[in-house]
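Throughout, a chain's letter reflects where its sequence line sits, starting with A, and its residues are numbered from 1.
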Amino acid sequence: MIVIDTLQKRYGKTVAVDGVSLHVPAGELFAYLGPNGAGKSTTIRILTGLTRLSGGTASLGGCDIQRNPIGAKRQCGVVMQHVNLDNDLTLAENMDIHGRLFGMDAADRAARTAELLGYVELADRAGNLVSTLSGGMKRRLMIARALMHRPRILFLDEPTVGLDAEIRRRIWGLIKKIQNDGATVFLTTHYIEEAEFLADRVAFLDRGSIRALDTPAALISRVGAWAFDRLTDTGMTTSYFPDRDSARAAAAADGEGHTLRRVNLEDAFLTLTGKTVR
Amino acid sequence: MMLHGLGAVYLREMRILKRRLKRHLLGMAVSPILYLVAFGTAMGAEARFDGHTYLEFLLPGLAAMTAMTQSYGTATEINIARFYLHIFEEFQAAPISNVAYVLGEVLSGITRALIGVALILGLGAATGVVLLPGPWFWLAVVLNAFVFASLAVFLAMIVTGHGDQALLTSFVITPMAFLGGTFFPLDRLPEWAQAILHLLPLTHAAQAMRADVFGQAPQAMHFVILAGVGAAVFALALASVGRARD
């Protein structure tokens, strides 16, 4: 569904995306995980037509983004990291304009608006101005708007950034529901737990390049099954073990001041990229 | 197919305009009222040009200037959409052509210009100067607005922020407003100055509109120049939309 081959984006001497290649099959929820400035948003902006690529190729649903940009754009919906709604229009008007841009007829626009605002639990606010919504509501409206034209691919760029824990979990539920309804979802995030909870596969992105790509479980198993964290004078160090017994034995030999726990995706990220997610 | 999406771009602008219409009309009226009072009533009460009062002379010029400023105001709306609301991304990510986008914005600029000119004519009537514009007057308004709305889209696409936009307005629109035959008859200037000022599209709009309301047939040259400049700037606007992608 999404095929990217040696994608590159340069801004002068700065390389934002450096030869990324990947294939996301239909129906998959794919997470692109990396620190701020890793190139996550730039990749989405290239794929959705907001930024020109410097090299490589990409196609969405079989449409090359350079040779057939209109065909590629028809395939996808996009929710940007920042809010990009019309504050002076109502929720329904924002949905309606989007439907018109994608060539939907009046009856379909009205029906789809009612359906999707119900889907994101904003049906009772349809006639309100967007400027009256909270941050979480705006984020849900952006997701509803992106789904308006029934895209086969949904790009979500940091969909829960800046939201509180409760709203974040509601949006996670919504994203899972969208995947279950048949869409391919390409998600960028720097929240590791978000990728671990939602994604079928995760790519670790750092300085514009993919450092590792696999299922969350497979990425975690590359590091180990159990870990213990030890506080030292210079900070915290973590050791990884294939099973609980060996981790417990090492911890016992170490003495006091440690924590024994299961390995998670953050451990995999730190180990495989040598970085921290900021 | 090429124009698919044009309606969405235009309708969005019109819905926003409708929601802000009262404020917008008040804003549109402030400058013309000040010009009417300062130049028309206070300074030019006794002056006559070719048998017309200064207010009669001034009003078509003010209408031309308003058509220019209102259609050029599209640049501010696009600027807000690009750099503040980021709604421009909706258009960039939508399967619409650059022609549809630019035409939608230009048509909204022309609509704003027509509303502004109607307001000027109303203000003139309120001060006792009733002008009866004919089709040539309105054609000049539309062509003038076509030029400046296209210019607005072009400049809004190549600027990198609000500051650049304000700078361009100061250098392009403000001099044109004062030198484009709005406030004084150009034939009182030296020939070299007239030649320079005839390079400005607003000069041709003002002269065509003034001729029409004074019951004369405007020169065809005015319309040809406005249409030609408009087509050239529209082409620049089209070319610039793709460049707005970073």
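The two atoms that bring B/Ala93 and A/Leu50 nearest to each other are N-CD2, 3.8 Å, heavy atoms only. A/Arg100 approaches B/His4 most closely through the heavy-atom pair O-CE1, 3.7 Å. Annotation for B/Pro95 and A/Phe102: closest pair CD-CE2, 3.2 Å, computed over non-hydrogen atoms. The two residues A/Leu101 and B/Ala94 come nearest to each other via the heavy atoms CB-CB, 3.9 Å.
Heavy atoms of A/His149 lying under 4.5 Å from chain B are absent altogether. With a 4.5 Å cut-off on non-hydrogen atoms, A/Ser54 does not touch chain B at all. For A/Ile46, no part lies near chain B; criterion is any non-hydrogen pair under 4.5 Å.
A donor-acceptor pair under 3.5 Å is absent between the side-chain atoms of A/Lys73 and the main chain of B/Ile96, judged by distance alone.
The one candidate from A/Asp96, A/Asp86, A/Asp88 that meets the side chain to side chain donor-acceptor pair (under 3.5 Å) condition with B/Arg12 is A/Asp86.
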Would you please test A/Thr90 and B/Arg19 for side-chain contact (heavy atoms from CB on, under 4.5 Å) and show each step? CA-CA 10 Å; A/Thr90 66; B/Arg19 197 141 278 141; 4.2 Å; yes
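Annotation: maximal heavy-atom pairing with chain B below 4.5 Å, among A/His98, A/Arg45, A/His82, A/Met80, occurs at A/His82. Per-residue counts of heavy-atom pairs under 4.5 Å with chain B were compared for A/Leu129, A/Asn84, A/Leu85, A/Asn94; the largest is that of A/Asn84. When the candidates A/Val83, A/Asn87, A/Thr48, A/Leu89 are compared by the number of heavy-atom contacts under 4.5 Å with chain B, A/Leu89 comes out ahead.
Here the CD-CG distance, from A/Glu93 to B/Leu11, works out to 8.0 Å after rounding to the nearest 0.5 Å.
Proximity to chain A at a heavy-atom threshold of 4.5 Å picks out nothing from residues 231-239 of chain B. Contacts with chain A (heavy atom to heavy atom, under 4.5 Å) involve these residues of residues 77-88 of chain B, listed by number: B/Leu85, B/His86, B/Ile87.
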